[in-house]
Participant: 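Structure below; questions to follow.
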Amino acid sequence: MKYWLIKSEPDVFGIEDLEKVGREPWDGIRNYQARNFMRDGMEVGDLAIFYHSNAKPPGAVGIARVASDVYPDPTQFDSKSKYHDPKSNPDEPRWLLRDFEFVLKFPEMVSLEELKAEAALEGMMVTQRGTRLSITPVEAKHFKKVCKMAGVKVPK
DNA sequence: GCCAACGTTGGC
DNA sequence: GCCAACGTTGGC
């Protein structure tokens, strides 16, 4: 079991949206490092901290689970999509995604400020300045600590 | 809205 | 393969 952190802007797709739909294809990833994490690092069943970026305040708001294998992100071939990539070849799709399913919403957000202030979370990528990756690996001890700060049990 | 950080593109 | 220009992310 590996642990991850996935960012999303609540104005676009927040934890409430995931709770409502239950499961969502994580489309729009247009960064090679993030894609590689999804493709090579993740396994079905892995857990991810759901993080609200560009929010007031930004922070961890819940937990999602990797719910599918990787498959091509359909938005890359959709000329009407803002994620359209005319350079991607359908025979060899450049962008991939996985589905994520809702696990739980934290009773209260653990803000970025709190994450940064917690010594036990030192080294967590999201707390480091300049980390813009929308998908990052999270150490098990960090994942558990965030659950504890949020007042929830680590999901099975 | 500003702007630092950083990834990508493309000319050479 | 270098690197300047440009675009995007995301905290503040």
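Side chains are part of it too, since the values below use all heavy atoms of this structure and drop only hydrogens, waters and symmetry mates. Labels below follow one simple rule: chain letters A, B, ... track the order of the sequence lines, proteins then strands, and each chain is numbered from 1.
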Participant: Run the salt-bridge test on Lys2(A) and Asp46(A) with the 4.0 Å N-O cut-off and return the result as yes or no.
Facilitator: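 Between Asp46(A) and Lys2(A) there is no salt bridge, as every charged N stays at least 4.0 Å from the carboxylate O atoms.
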Participant: Take nucleotides 7-12 of chain B nucleotide by nucleotide from the 5' end and write B, S or -, depending on whether a protein heavy atom sits under 4.0 Å from the base, only from the sugar-phosphate, or from neither.
Facilitator: SSSS--
Participant: Quick check on contacts: within residues 46-64 of chain A, what sits under 4.0 Å from DNA chain C by heavy-atom distance?
Facilitator: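 Here the set is Tyr51(A), Ser53(A), Asn54(A), Pro58(A).
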Participant: With no hydrogens and no angle check, do the side chains of Ser111(A) and Glu114(A) hold a donor and an acceptor under 3.5 Å apart?
Facilitator: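 There is such a pair (donor and acceptor under 3.5 Å, judged by atom type) between the side chains of Ser111(A) and Glu114(A).
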Participant: Indicate the ring-plane relationship of Trp26(A) and Phe50(A), choosing parallel, tilted or perpendicular according to the 30° and 60° boundaries.
Facilitator: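 Perpendicular: the ring planes of Trp26(A) and Phe50(A) meet at over 60°.
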Participant: What's the shortest heavy-atom distance between Ile6(A) and Ala64(A), and which atoms?
Facilitator: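 So the two residues come closest at CD1-CB, 4.4 Å.
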Participant: Would you say the side-chain atoms of Ser88(A) and Gln76(A) include a donor-acceptor pair closer than 3.5 Å?
Facilitator: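 Distance-only check passes for Ser88(A) and Gln76(A).
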Participant: Indicate whether the side chain of Arg132(A) and that of Ser53(A) have a donor and an acceptor atom separated by less than 3.5 Å.
Facilitator: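 On atom types as modelled, these side chains do not qualify, holding no pair under 3.5 Å.
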Participant: Return each pair, listed once, that meets ring-ring contact (aromatic ring centres under 6.0 Å, His included) where at least one residue sits in residues 75-96 of chain A; pairs must be two or more places apart or across chains.
Facilitator: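 For residues 75-96 of chain A, and leaving out neighbouring residues, the ring-ring contact (aromatic ring centres under 6.0 Å, His included) pairs sorted by first residue read Tyr32(A)-Trp95(A).
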